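So the structure is just underneath, and the comments pick up after that.
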Amino acid sequence: MTDILLETQGLKKYFNSPAGEVKAVDGVDLIIRQGQSFGLVGESGCGKSTLIRTILRLLEPTEGKVFFKGRDINSYRKNELLKLRKEMAMVFQDPHLSLNPRMTVFDTISRPLKIHGLARKKQELLVQIVELLHTMGMQAEHMVRFPHELSGGQKQRIGVARALAVEPDIIFLDEPTSALDVSVQTKILKLLEKARQERNLTFFFISHDINMIRVVADVMGVMYLGKIVEIGPKELLLSDPLHPYTQGLFQAVPEPDPDKIIQEVQLEGEVPSPINPPPGCNFNPRCPFVWDLCKEVEPMLKELEDERRVACHKY
Amino acid sequence: MGKSGYVVRRLLRTIPIVIGVTLVTFLILHFTPGDPVRIMLGPYATQENIAILKEQYGLDHPLHIQYITWLGNILQGEFGTSIRYNRPVLELVQDRVGITLMLTLSGLFISVTLGSVLGIFAALRQNSWLDYLCTFQAMFWISIPGFWLAIIFLYIFGLQLRWVPIGGLTGFSSVILPALVIGLQEEAWFARPMRAEMLGVLNEGYISAARAKGVKYIRVVGIHALRNVMIPMITMLALRLPWVIAGSVVVEVVFAWGGMGSLLVNSVLARDFPVVQGILLIIAITVVLANLLADLVYSLIDPRIRVEGGKK
Amino acid sequence: MEEIILKIEDLKVAFDTEEGDVEALDGVELEVKKGTFHGLIGETGCGKSVTGKTVLRLLDNNARIKGGRIHYGNIDLLKLTEKQMEKQIRGNEIAMIFQDPGSSLNPLFTIKYQIEEAVSMYSNLPRNKWNQAILEALQRVKLPDAANLMHRYPHQLSGGMKQRVMIAMMLACQPQLLIADEPTTALDVSIQAQFIKVLRDLKENLNLTVLYITHDLAVISELCDYVSVMYAGRIAENLTTRDLFKNPQHPYTDKLVHSVLGVTTTLEALEEIPGSVPRLINPPAGCRFHPRCQEAIAICSKEAPPLQELAPNHTVACHRR
Amino acid sequence: AGDDSEVRIAVQVEPSKLNPITYQDTETGFVLGSICDPLITVDEDGSFSPNNAIIERFSVEEDGTVITFVIRRGIKFHNGDPLTAHDVKFTYESFMDENLGSPHHRYYTGIEDIELVGDYILRLTLEETDVTFLTLARIRGHVLPKNYIEEVGWDGYERHPIGSGPYKFVEHVPGSRIVLEKFDDYWGQEPSIDRVEFRFYPELSTAIMALRTGAVDFMPEMPADEFMDLEATPGSGLAFGTYQKMEDHRICFNKREDSIFNDARIRQAVAYAIDVNELIALTRGEMAVPARGRVPSFHPAFAEEANAYELNLEKARQLLEEAGYPDGFETEIFAPAGYRERIQEVQQIQVQLAKIGIKAEVVTVEWGTYLDVTADGEAPMFRERWSAGVPEPIGFVESWHSQSSWNPIFGVYNNPKVDELIDEIRRTIDDNERWKLYHQVQEIAMDDVADYPLYWPLVGDVYNENLHIPEELWDPFKIPIYYINHWSFK
Amino acid sequence: MNTAVNIENIEKEIKELKQKRTSQLFLTWLRFKRNRLSMVGLSFVLVIIFIAIFAPLLTPYDPYDTNPFRRLENPSREHLLGTDELGRDLLTRLLYGSRIALQVGILIVLFEGFIGITLGLLAGYLGRWVDEIIMRLVDILRSFPVIILAMAIAGIMGQGLYNVVIAIGLVGWTTYARMVRGKILSIKESEFVEAAFSIGESTPSVILRYILPNVLPTAVIMICIMMPTALIASATLSFLGVGVQPPLPCWGSIAAAGRDYITRAPWISTSAGFFIMFTVLGFNFIGDGLRDAFDPTSKRN
Ligand SMILES: Nc1ncnc2c1ncn2[C@@H]1O[C@H](COP(=O)(O)OP(=O)(O)OP(=O)(O)O)[C@@H](O)[C@H]1O
Ligand SMILES: Nc1ncnc2c1ncn2[C@@H]1O[C@H](COP(=O)(O)OP(=O)(O)OP(=O)(O)O)[C@@H](O)[C@H]1O
Ligand SMILES: [Mg+2]
Ligand SMILES: [Mg+2]
């Protein structure tokens with residue numbers, strides 16, 4: 001068993017909105033180990049993005065702790081935060097929106113290098129950037145381009161290169177391919193995996209596309225309405241989902257197999273609003289196995305064998 | 001959040017603005033050099049005369065006392081008494097507000113109808129000569145100073161062609177030119193956004209969806225698109241109001257209409273504090289209220305506002 | 001042989017833009033059989049939506065239909081006047097659901113009003129029966145509490161509900177053919193699953209013909225009988241859904257199918273199509289796929305391959321087949 | 001006008017309050033002129049005359065301290081009340097009442113006593129001999145209805161003023177017009193025109209267009225430029241008339257200690273450098289008489305010997321050199337904004353002064369600010385105008401008196417000799433003696449260049465040629481607009 | 001592909017980078033150029049700038065040289081547009097007037113632009129009460145008609161060129177502030193700013209490198225769009241008698257002064273008004289073109 005790289009304890013992030021308090025992340029306990037590729041799935045609005053933004057301290061948590069390499073990241077003072085930024089990096093969902101339209105590729109990638117003092121002289125910068133571009137399957141000529149002069153896939157590769165530039169320990173990937181076409185998606189995923197192997201990186205993927213998480217993750221988590229409902233090694237989770245939500249979700253995924261027998265949908269209704277989540281288990285209004293306890297008591301994330309954990313009163 | 005909540009919040013937001021407006025109004029006139037009493041009495045005034053009148057009008061008190069007194073009076077509907085006319089400001093305004101209202105409303109009417117029609121046609125016939133003509137004429141009218149346009153119109157249609165009477169409010173035909181000046185100058189502010197909004201709305205999914213249903217194009221434009229375009233147009237209407245009023249000031253001066261505008265200009269020049277303050281305040285509050293009204297009106301048109309408690 | 005309800009022949013559409021002409025469609029050919037679900041797939045920008053909109057003649061102002069025929073039954077839609085399209089075809093015969101459920105409903109009108117527009121035009125019911133018809137339309141797509149729901153405004157519905165309202169509205173027109181342009185792309189998996197179920201039910205109960213535009217092969221496999229694969233404004237391959245997964249002939253189809261997550265479940269096995277989708281302003285000569293094709297030969301860069309029939313219900317445009 | 005019984009008169013400024021005791025502006029005077037009757041009038045030759053006036057006759061006692069008025073009988077106010085000596089007394093008292101805030105208040109402070117000798121005879125007693133009293137305090141012609149004012153109050157009066165004049169007030173539509181109507185019981189010449197409408201045209205060009213299109217019939221005091229232009233336009237359908245206005249135009253200097261113009265040589269230099277003829281050509285064309293003293297040249301008090309400072313740049317430069325400014329200096333010359341002619345002249349003066357090295361920047365400021373800065377000594381030079389009554393021209397010279405309240409307004413002038421002479425003027429009953437004193441004052445002040453007189457304007461009225469205005473009204477002491485009851489349509 | 005990095009080649013490419021950067025502007029220029037109206041506008045403005053620079057060479061007269069004996073003359077060989085009410089050559093004054101107009105216009109937009117952009121930046125970036133205060137102030141000022149408030153302000157400070165600038169600017173800045181704030185709010189929330197923070201950029205650096213460059217085009221366009229408003233407002237103030245002082249040859253005051261002579265010398269007002277219209281139209285066309293050129297998404301499609 002490898003070292004724990006990242007751990008969250010009861011992490012919460014609430015937003016104020018005119019309609020009330022949005023409980024976007026509502027008590028998340030997670031453990032990410034060194035070298036893992038962790039994948040978190042969940043439906044739109046369940047708080048995935050907010051979770052990783054809070055872990056990265058791009059948002060201040062409302063409650064709870066995040067330990068990175070054993071140290072509480074809230075104990076980092078403003079000037080130390082820079083260290084943290086070198087160790088954690090992020091790749092964003094929309095390659096187009098996450099690049100400054102007024103910076104060339106060169107500028108975009110050179111910023112992290114400069115900020116963290118990884119290259120000072122122009123020559124050093126050039127060498128490193130070209131190397132990064134080559135890793136990403138791009139050429140030096142791309143350095144002079146502005147984002148709008150690149151294709152979507154190329155932009156996302158720049159986004160990845162920017163994240164890789166600081167040689168971080170962990171990279172958070174917020175649906176890194178959902179804005180891309182299938183054929184391009186493959187390329188990015190492969191490049192990411194290659195980089196992970198070569199640099200011994202830890203990945204934290206989030207996506208609503210179970211098929212993607214299935215392909216890239218070792219360990220998989222399922223999130224529902226601000227909470228993790230189930231977590232465990234990918235194979236086990238896929239073959240034997242425990243939480244009723246996980247089961248329903250996996251069932252709902254259409255399969256590109258014309259021979260598959262089409263099953264009846266089990267997940268009725270929609271994700272409730274995070275402003276007034278149902279009492280007890282969040283999932284109880286949609287759960288086919290609901291009993292009274294579920295409507296009153298919130299299930300904790302229980303540790304099962306094989307590193308699996310699930311938050312359901314059934315277990 | 002109910003709709004009444006929205007209305008209340010919107011009303012509350014108006015209060016600091018109204019207070020700010022009164023403060024600005026009050027201060028501006030008080031920092032203005034030139035003693036109102038002296039102007040009133042003219043160059044022949046003696047010191048005693050000045051002192052007596054100052055006391056009479058409370059102009060000898062410290063500024064903040066004057067402000068509070070003034071504000072207190074305003075709240076009671078007392079806008080003070082004109083120094084020059086020796087009549088209540090409100091009465092003076094009442095006498096003239098009709099004229100200004102007629103001018104601004106008829107001007108607005110022309111600009112909104114003309115602007116909307118041109119804007120819609122330009123959008124429907126995008127990139128046609130009509131579209132370019134619409135853009136060009138809109139630019140043309142806003143590139144002309146209002147006073148100049150007024151003078152030229154008067155010169156051509158009044159003096160040379162003698163189509164309309166010159167000066168004063170003497171009947172329907174005398175309203176045409178002044179209203180036209182305001183209308184043309186403002187029309188651009190409706191035509192161009194109307195065109196842009198219309199183009200935007202026509203590209204919306206629900207327009208295609210309505211057409212896919214087989215709804216006639218006229219109906220799609222007239223009902224589905226127009227209603228959506230109305231929301232920004234109402235905002236624009238409120239937004240342009242101060243400009244229309246400013247335009248009507250100039251127009252009133254040129255066309256010798258004795259509305260609030262010319263009263264204001266004369267009073268500014270004569271430092272008739274109470275009148276200027278009163279009118280400035282009335283105009284500013286009208287604008288604030290117009291904005292409020294616009295917001296409320298489109299909360300009626302736009303169902304989204306009722307629930308979300310704010311604009312999208 | 002099944003009846004062909006829609007037949008597109010050699011359809012060419014271009015857009016005038018500031019940068020030049022975009023040849024969005026360059027000889028699209030496909031046939032939709034009555035009572036089937038016909039999928040249209042391809043990467044972003046390949047012309048799927050343009051094809052759909054051309055059928056209804058709802059293209060943007062800067063579009064030019066440069067040639068081709070669209071046979072609907074025995075009418076050539078491209079020959080009709082705008083009036084005739086409005087009166088006879090749109091809604092009446094062919095209806096269309098657009099990609100984004102949020103923007104396809106007019107935010108300022110109630111659901112009822114928007115469905116009523118359709119009901120009033122196409123059903124021969126007296127006015128007092130309209131409400132009933134609206135209710136039925138909503139219930140047909142399994143919307144709960146339809147009586148209440150129809151008085152709501154679009155923003156008061158969730159994405160999935162809006163999408164179902166859209167179908168209800170289009171079905172209320174009682175069209176023969178429904179064009180659905182990526183109706184599920186914006187939806188979550190669980191909602192998408194519910195939506196697909198609704199469609200499937202409709203297919204069974206109403207004998208609906210649907211031209212289903214998507215880039216999600218999984219959805220195709222669950223819903224469609226036939227598929228057309230598009231690449232850069234042309235049809236690469238017309239085939240059955242089964243063949244798509246089991247027997248793709250065009251190199252592009254092959255790559256596409258195997259680059260789809262889910263079809264392929266390991267990263268190593270995922271196929272990668274080198275290069276990127278060409279821009280349609282100056283598309284490559286010959287076969288538009290040839291710069292990315294590993295099987296390309298000399299002729300591919302010179303001549304555009306015509307669609308040739310390989311088997312019944314299977315045509316492909318490739319020099320190598 | 002299409003309707004013969006109505007005359008429409010264009011005025012540029014709207015009368016603010018139709019109150020005879022507080023008004024300042026000419027326009028209010030125009031309106032009140034038809035509503036009220038003058039107490040005393042002045043004849044063509046400039047002497048007091050009871051013709052057309054409320055006073056039938058008046059007499060001044062030997063030492064000049066007692067003045068007796070005999071009021072004409074049979075005069076009625078518009079409300080039917082007879083006009084009596086009580087009303088005249090009331091009017092005088094109103095002027096004297098500080099609380100009513102008449103700007104002319106100070107002219108009446110010399111009144112010791114007002115005595116009603118009968119219903120129609122009134123006796124004023126002055127504290128000391130003041131020959132100028134009658135000129136300065138002739139109630140600007142308007143006798144107020146005592147009973148009416150006591151009944152409706154001053155506010156009420158201002159809303160609906162009445163008098164004994166040929167026309168009665170009908171309505172004031174603020175910002176638009178004032179309408180008067182023929183008063184049937186008028187004692188004097190019966191009006192031939194039934195209605196008079198004063199229309200307000202703040203914009204001169206609009207007013208002129210209105211005149212040209214016949215929308216209005218009469219425009220008093222048309223600016224010279226426009227007057228001459230219209231006059232030269234053939235077929236305009238307009239008629240023209242002029243008269244000299246008792247108004248002097250001058251350049252004033254801030255003569256306070258700290259000012260550069262404290263030095264008389266510099267003022268003289270400026271006087272030599274200014275070419276009055278150019279100024280007249282610029283703004284008035286034919287319509288002005290160059291001023292060489294402070295009193296109109298037709299008046300016996302006019303000082304022929306006073307230095308007129310003909311244009312002489314040599315001399316001007318020499319004076320500057322003597323004063324220690326051989327290369328000139330920089331200064332400012334002020335004019336009130338909106339007063340076109342003054343601004344134009346000031347610009348021309350700027351050009352003229354530049355020739356002797358004085359760089360005068362033109363500053364135009366708002367009327368209100370203008371009054372402040374000129375009175376507070378912040379304007380080194382400024383372009384003023386002053387009108388005063390006749391026959392006694394005291395108004396033109398009195399501001400030179402160091403104790404006069406006008407003195408600071410014109411930049412402070414302090415010359416004991418002049419003070420003495422002006423005091424003497426008031427006490428001197430003999431006309432010829434007094435004229436001589438006037439001569440002396442003017443000679444001294446002109447030598448000093450207390451201020452520099454420019455010209456006397458000729459004022460032109462423009463009217464519809466269908467309107468008949470009797471010849472004799474074109475007189476500085478009559479002025480047609482005060483005699484609308486003598487007008488008629490052809 | 002060889003992975004060995006050839007520094008020289010890359011440096012060459014960096015040079016290209018600089019060329020490309022200018023070609024960015026060049027692209028914008030191309031888009032701008034395609035718009036016929038904006039080219040017309042540009043030529044109008046260039047003509048005015050040319051006139052402003054070379055005014056003394058274009059006319060033999062002095063704009064201040066009065067001649068009381070040759071006033072209000074009709075256009076003639078000698079005086080192409082005749083003379084004004086002081087006998088000055090009208091054309092000369094109008095030509096020199098372009099200097100004043102440009103000066104006033106530029107000063108106004110710079111002044112109001114500076115205040116507006118600064119306050120807009122502050123409001124947008126700092127948010128909370130700073131935003132609240134600034135935006136309420138904007139609301140308050142916008143409730144007053146500009147001309148009327150400017151008239152009052154010009155009254156306070158006395159007239160003159162700089163006071164006109166301040167008077168108009170004190171209200172005019174609100175437009176910039178609103179625009180800039182709106183823009184910042186959207187940029188602030190954008191993913192690339194978040195990305196910048198995620199790589200460790202400091203707040204000042206984010207403002208400087210990420211926010212400002214993206215606001216700048218908006219600001220530039222704003223300035224071009226506001227120029228006409230500034231010119232017209234200053235002319236209107238002159239008309240109302242509280243503008244630039246005579247004898248400065250300002251178009252607004254020439255038109256205002258000339259209106260008294262409209263029946264006799266209509267060309268005074270007409271030609272001054274024409275100069276204003278010409279310039280304003282030019283700037284309007286340019287502003288319109290720029291808006292399209294800078295923002296390729298808003299192009300007429
Ligand atoms: N700044 C914010 N203010 C208020 N509410 C917010 C804010 N950011 C996110 N939320 C709300 O928090 C909830 C979780 O949002 P989040 O973006 O984390 O979801 P997500 O799982 O990433 O969804 P998606 O798959 O759509 O990206 C949503 O309901 C969202 O509306
Ligand atoms: N109005 C237009 N003007 C110019 N080009 C257009 C226009 N509409 C579509 N295009 C171009 O036509 C091509 C086909 O567009 P289309 O919308 O049909 O793609 P699509 O296959 O539906 O893609 P997506 O999967 O992203 O919806 C694209 O390259 C697009 O850029
Ligand atoms: Mg997200
Ligand atoms: Mg599409």
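Source: prediction; values computed, not measured. So you know, we letter chains A, B, ... as the sequences are listed, proteins then strands, and number each from 1.
For L82(A), the part lying near chain E is the side chain, with the backbone staying farther off; criterion is any non-hydrogen pair under 4.5 Å. With a threshold of 4.5 angstrom between heavy atoms, H116(A) approaches chain E through side-chain atoms but not through N, CA, C or O. Heavy atoms of L99(A) lying under 4.5 Å from chain E belong exclusively to its backbone. Proximity to chain A (any heavy atom under 4.5 Å) is shown, for S202(E), by neither the backbone nor the side chain.
Taking both residues in full, the closest heavy atoms of I199(E) and P112(A) are given as CD1-CD, 3.6 Å, listed atom of the first, atom of the second, then distance. Minimum interatomic distance between R102(A) and P213(E) (heavy atoms only, all atoms of both residues): CD-O, 3.2 Å. Smallest separation of non-hydrogen atoms from E191(E) and Q93(A): OE1-N, 4.1 Å. Taking each heavy atom of R111(A) and Y210(E) in turn, the nearest pair found is CG-OH, 3.6 Å. The heavy-atom pair separating I115(A) from G200(E) by the smallest distance is CG2-O, 3.6 Å. Listed here is the closest heavy atom pair of A195(E) and S98(A): CB-O, 3.8 Å.
In terms of modelled atom types and a separation under 3.5 Å, the side chain of N100(A) and the main chain of A196(E) share no donor-acceptor contact.
When each of R53(A), K114(A), R162(A) is checked for heavy-atom pairs under 4.5 Å with chain E, R53(A) comes out on top. When each of D94(A), I129(A), T108(A) is checked for heavy-atom pairs under 4.5 Å with chain E, D94(A) comes out on top.
In this structure, CD on E194(E) lies 8.5 Å from CG on L56(A), to the nearest 0.5 angstrom.
The 12-atom threshold is not exceeded at CZ of R36(E), counting heavy atoms of other residues, nucleotides or ligands nearer than 6.0 Å.
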Kindly determine whether F92(A) and S198(E) satisfy side-chain contact (heavy atoms from CB on, under 4.5 Å), including the steps that lead there.
CA-CA 10 Å; F92(A) 292 83; S198(E) 83; 4.1 Å; yes
